[in-house]
Every structure is written in structure tokens, then in C-alpha cells.
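Sharing a structure, written as C-alpha cells. Questions coming.
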Amino acid sequence: MPQSKAADVIASVPHKYATDAVEGKIVVCNAIRDQCARFLEMIEESYKRETPYVFDLDRGLKPVRFCETFMTPTAGAHDKMKFMPWQTWVDAQAFGWIDRTTEARMVREVLELVGRGNGKTAHGAGLGAYMLTKDGERGPDVYYAANSKEQARIGYDDSCELIQASPTLSRHIKGGVRVTRPREGGGRMMPLHNDARRLDGLRPHFALKDELEAEQSFDQISQLRRPLKKRHQPMLWYTATAGYVLSGPLMYYYNFGKQILGKDPSVSARAALRFMPIIYELDADDDYEDPANWIKANPSIGYLLDIDELIDDWETSKRSPQERADFITKQLNIFVDSSEAG
């Protein structure tokens, strides 16, 4: 399979973001710096020897171009969806690493751990619309999954509204806001919550599992993961902020991601290629009261988030033990035991 030209990759937004992070030109946490270094290292290796993968920049940026071309935000001041550099870097990796032999995507699962208000919902809604309509899968099933029915509908409703607000996409999608199906090639998109009666017979091409921090069991995740072999290049995308459940799936995937970033020899090379950890958090020795460190958990500061407003929020929240714990956990991605949250 042909590989993207090195010059094109080096000139791209994802490569610049990764390079700036590794060289300390932008403030990132250790986990993101490690993932950036891993990304750059894999690109170099893919040119030097017969690795099982290649990097296809065009395929990696295809979801970004799709969303920026067709998606109109249904809330806020922007009339077009515009990806931030960190989001472009994330998607380029998730969709750009390609199996050299089969030409299928290498990445099967993504953990996106980022602070509250950094655009996870809109990003996930756009990805769902892309995977339903433009990923080349026949009869794609797209699920927005969460622990509760209400939470599962948030991403689903947002994606439906984005599709219906697009003059181009709405011409090719059957149905109204609640049910969407491509006129050609079949496929469906639906919300999915932890109701055992609805978990059988799933065939996900793309599933976005929201608020992973609230999950205490692997029941729904297992039902989504087991049938992946029925698809050519499926993907499960977990979104989360830090939480209070320290023995659930989020902590498992968080620790697995840290093993990959730490090059733990117990993790096979193939397993490390299949799972992509994106962990924005404060580092262990950071002063969480120093706003200069907050961008480590909130890469959208300067885009979606205003640092002065976050400071105002902190000044108000720190007076109440419960609100203080909520800010530290949800905004700064510091895990807190539920028994010690107050």
C-alpha cells in the first residue's frame, strides 16, 4: 500500500502538534507528550522498514474534512464546525494508521480522556455522522452508548441534528431527527443504554461510549466488543472525564493506556496498535491550583474554553468541598475516591 509522502506529513497539523508537544513549545501532560513521541516514532519507523502498518494522512484527515465541510453546529456562535489542532491530531492517528497488507484501519479502540467542556460531544456527533455515511462500510450500525438512556441520547440527538442541519447530508439521509438511515447501502444510527434486552444482536461499525467514568461493569462494553469481528474495520470510541469509580472500566482502560505509553513488555505490539490512549490530565506533581497547569487537562483553552472564566469558576467552587472536588475531578481530570470526594 502506498504511504503518504514524508514532506506532506511533516507539513501537516497533526505532525506539527506532536512535534510542538515533544519539544515543549506547547504545554501538555506527560501522557500526551508520550503519545506524541510515539506517533512521531511510528511514522519514522514506517518509512525505514517493513512495519505492519503505514500512515495514510489523507485517510486520517478524511473525518476532519467531512465534519468541517458538512457539519453546522446546532448551538454556539460558530456557523461551521472547525477542528482544533489537538482534535485533528487525534483523528489523524485513529483513522490514519493502516494495515500494510489488508489496508484496513489498525486502531480499533480509542480512549479520549479530557476535561469537561472541551468539545467531546460535538466531536463524537460528527464522527458518528461520518461513520454512518462516508466510511465505506456496507450497512453500518452506529451506536451512541452510555449508562443511562438520557446520556445515550445526547450524542445521538446531536448527531441527528447535525445531519438534518446540513443541506447536503439531509438529502441523503432518510427520516427526521430521531431515525436516520442512508438511502443507499442501508445502515442505522441509534442510542443504546444499559438495558440487557437491547444488547443482543449488535453489529457495531462505530460505537461511541460516553461517560465511561460512570460505568461500574463491562456488560455493555463486552456486548459492543464481541461482534467487532463481523466488521471490516470497526471502531469503539470511549469518552470520559475523570470520575469517582476507581474499579470500573475507565480505570482499566486508563491503566492499559499507561502501559502502552510506558512500553510495558507485557503488552503485545499488536495490542498496542489496536488501542489508542488519549489522556489529557494534570501530572502527579502539578499544583492543581495553578491555572498555568490547567491546559494539560483542557487542550481547548483558547478555543472553546476561556481561562479567565475557568479561574472565576474555580474561585467560586473552591469554597464548597463538594464543588471543589467536582472541579478538580471533572475539569482537571484528577481521580478521586468517591468516599473521599467531599
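This one's a predicted model, so the numbers in the text were calculated from it and none came from an experiment.
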**Plane angle bin for F83 and H123 - parallel if under 30°, tilted between 30 and 60°, otherwise perpendicular** = perpendicular
**Request:** May I ask you to decide if L162's main-chain N or O and S166's side chain share a donor-acceptor pair within less than 3.5 Å?
**Result:** no
**Item:** Flag for T239-D210: side-chain donor and acceptor within less than 3.5 Å
**Value:** yes
**Prompt:** If we ignore angles and hydrogens, is there a donor and acceptor under 3.5 Å between the side chains of E112 and W237?
**Reply:** yes
**Message:** Which residue is it: K209, R274, R225? I am looking for the one with a salt bridge (Lys or Arg N to Asp or Glu O under 4.0 Å) to E109.
**Reply:** R225
**Between E281 and N333, a side-chain donor and acceptor under 3.5 Å** = no
**Asked** Hey, do the aromatic rings of Y280 and W86 have their centres closer than 6.0 Å?
**Response** yes
**Prompt:** Heavy-atom distance under 4.5 Å between the side chains of W89 and V13, does that happen here?
**Reply:** no
**Request:** Mind checking side chain to side chain donor-acceptor pair (under 3.5 Å) for D306 and listing every partner two or more places apart, or none if nothing turns up?
**Result:** none
**Nearest-0.5 Å distance that lies between atom CD1 in I279 and atom NZ in K296** = 14.5 Å
**Prompt:** Side chain of S12, backbone of V9: donor and acceptor closer than 3.5 Å?
**Reply:** yes
**Request:** Take K263 and E41 through the test salt bridge (Lys or Arg N to Asp or Glu O under 4.0 Å) and record every step on the way to the result.
**Result:** CA-CA 13 Å; K263 299 181 179 180; E41 181 181 299; 3.3 Å; yes
**Backbone of M84 reached by a side-chain donor or acceptor of Q87 within 3.5 Å** = yes
**Prompt:** Backbone N or O of P249 within a donor-acceptor pair of the E215 side chain at under 3.5 Å?
**Reply:** no
**Message:** Working note: V114 + K120, criterion side-chain contact (heavy atoms from CB on, under 4.5 Å); need CA distance, chi angles, decisive distance, verdict.
**Reply:** CA-CA 8 Å; V114 65; K120 294 191 298 295; 3.2 Å; yes
**Request:** Quick one: do L250 and L111 satisfy side-chain contact (heavy atoms from CB on, under 4.5 Å)? Show the steps, please.
**Result:** CA-CA 9 Å; L250 173 56; L111 171 63; 4.0 Å; yes
**Request:** Would you indicate whether the side-chain heavy atoms of N293 and D287 approach each other to under 4.5 Å?
**Result:** yes
**Message:** Which label fits Y238 and Y253: parallel for a plane angle under 30°, tilted from 30 to 60°, or perpendicular past 60°?
**Reply:** parallel
**Nearest heavy-atom neighbours spanning A146 and A152** = CB-N, 3.5 Å
**Prompt:** Are the charged groups of R59 and D135 less than 4.0 angstrom apart, N to O?
**Reply:** no
**Message:** In the structure I gave you, are the side-chain heavy atoms of D91 and L61 within less than 4.5 Å of one another anywhere?
**Reply:** no
**Flag for K330-T241: side-chain donor and acceptor within less than 3.5 Å** = yes
**Message:** Check this for me: does any side-chain nitrogen of one of D20 and K16 sit under 4.0 Å from a carboxylate oxygen of the other?
**Reply:** yes
**Message:** Before we go on, tell me: are the rings of F55 and W97 under 6.0 Å apart, centre to centre?
**Reply:** yes
**Asked** Side chains of S300 and N298: do they bring a donor and an acceptor to under 3.5 Å?
**Response** no
**Message:** Test your reading of the model: is there a side-chain donor-acceptor pair from K134 to the backbone of M131, 3.5 Å cut-off?
**Reply:** no
**Message:** Are the side chains of Q233 and R108 in contact, using a 4.5 Å heavy-atom criterion?
**Reply:** yes
**Message:** If you define the side chain from C-beta out and look only at heavy atoms, does anything of F95 sit under 4.5 Å from Y130?
**Reply:** yes
**Request:** Check for a donor-acceptor pair, side chain of D286 on one end and backbone N or O of D283 on the other, with a separation under 3.5 Å.
**Result:** yes
**Asked** Between the side chains of S317 and D313, does any donor sit under 3.5 Å from an acceptor?
**Response** yes
**Asked** Under 3.5 Å, is there a donor-acceptor pair between the side chain of T329 and the main chain of D326?
**Response** no
**Request:** Could you check whether the rings of F66 and F70 sit parallel, tilted or perpendicular, using 30° and 60° as the cut-offs?
**Result:** tilted
**Message:** For a 4.5 angstrom cut-off between non-hydrogen side-chain atoms, does F256 reach V267?
**Reply:** yes
**Request:** Indicate whether the side chain of Q35 and that of Q93 have a donor and an acceptor atom separated by less than 3.5 Å.
**Result:** yes
**Item:** Any side-chain heavy-atom pair of Y144 and S159 under 4.5 Å
**Value:** yes
**Item:** Distance-only donor-acceptor check, side chains Y254 and E213, under 3.5 Å
**Value:** no
**Request:** Step by step, work out the salt bridge (Lys or Arg N to Asp or Glu O under 4.0 Å) result for E315 and K318.
**Result:** CA-CA 6 Å; E315 291 298 325; K318 69 181 185 180; 3.1 Å; yes
**Request:** May I ask you to check whether Y17 and T88 show a side-chain donor-acceptor distance below 3.5 Å?
**Result:** no
**Message:** Tell me whether D290 contacts the main-chain N or O of A292 through its side chain, where contact means a donor paired with an acceptor under 3.5 Å.
**Reply:** yes
**Message:** Can you confirm whether L224 sits close enough to L192 that some side-chain heavy atom of one is under 4.5 Å from a side-chain heavy atom of the other?
**Reply:** yes
**Message:** Can you give me the closest heavy-atom contact between R105 and A94, atom names plus distance?
**Reply:** CD-O, 3.6 Å
**Item:** Which atom of R231 lies closest to which atom of H205, heavy atoms considered
**Value:** NE-N, 3.9 Å
**Request:** Tell me yes or no: between the side chains of N147 and H193, is some donor less than 3.5 Å from an acceptor?
**Result:** no
**Prompt:** Between E289 and R324, does at least one N-O distance fall below 4.0 Å, as a salt bridge requires?
**Reply:** yes
